[in-house]
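Only heavy atoms go into these numbers, but all of them, side chains included; no hydrogens, no water, no symmetry mates.
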Amino acid sequence: MTRFGPALARLRRDAGFATPYAFYHRSGGRRMFPFTFQYYLKIESGRSVPRPDWVPVLVSALRVAPAHAVYRDLGCDYLRDLCGREETFAALISPLMSAASP
């Protein structure tokens with residue numbers, strides 16, 4: 001299951017970065033990101049899921065506000081990939097996202 005990588009690539013393009021290379025290096029490269037450009041390519045292609053503490057760095061470089069719906073969607077895609085299976089996500093994360101009953 002790979003949702004986060006393609007969603008990240010779509011947000012990158014929407015932010016005006018035509019290529020992964022342009023995004024990575026114009027955003028500060030290795031000074032900004034705690035991973036290499038080669039690892040970033042793995043993330044975008046869906047071959048790897050980044051560490052949880054690296055995701056805010058990526059989102060910040062894309063200039064996505066936490067209140068924006070795109071931020072929530074990207075976070076859900078990340079959690080789905082991190083869980084590995086849709087059943088795991090449905091059992092573990094989905095209940096936490098619904099409104100609490102009184």
Set of residues satisfying side chain to side chain donor-acceptor pair (under 3.5 Å) with respect to Ser94, sequence neighbours excluded: none
Rounded distance [0.5 Å steps], CG in Leu82 versus CG in Leu92: 9.5 Å
Pair listing, side chain to side chain donor-acceptor pair (under 3.5 Å) test, anchored in residues 7-18, at least two apart: Arg12-Glu44
Of all pairs that satisfy ring pair (Phe, Tyr, Trp, His ring centres under 6.0 Å), the ones with a partner from residues 62-97, not counting sequence neighbours: Phe4-Tyr78
Side chain to side chain contact (heavy atoms under 4.5 Å, CB included) involving Glu87 - partner list, sequence neighbours excluded: Arg85
Set of residues satisfying side chain to side chain contact (heavy atoms under 4.5 Å, CB included) with respect to Ser45, sequence neighbours excluded: Arg47
Pair Met97-Cys76, side chain to side chain contact (heavy atoms under 4.5 Å, CB included): steps then yes or no: CA-CA 10 Å; Met97 296 174 61; Cys76 286; 3.0 Å; yes
Could you give the side-chain donor-acceptor pairs of residues 48-63 under 3.5 Å, partners two or more places apart or in another chain?
unit_1: Ser48; atom_1: OG; unit_2: Tyr39; atom_2: OH; d: 2.7
unit_1: Arg63; atom_1: NH1; unit_2: Ala61; atom_2: O; d: 2.8

Side chain to side chain, Leu11 and Leu74, heavy atoms closer than 4.5 Å: yes
Salt bridge (Lys or Arg N to Asp or Glu O under 4.0 Å) contacts in which one or both residues fall within residues 23-43, not counting sequence neighbours: none
Ring pair (Phe, Tyr, Trp, His ring centres under 6.0 Å) pairs, two or more places apart, involving residues 5-31: Phe17-Phe23, Tyr21-His25, Tyr21-Phe37, Phe23-Phe33, Phe23-Tyr40, Tyr24-Phe33, Tyr24-Phe37, His25-Phe37
Listed once per pair and sorted, the salt bridge (Lys or Arg N to Asp or Glu O under 4.0 Å) pairs that draw on residues 70-79, sequence neighbours left out: none
Reported OG1-to-CG distance for the pair Thr2 and Leu8, which is rounded to 0.5 angstrom: 12.0 Å
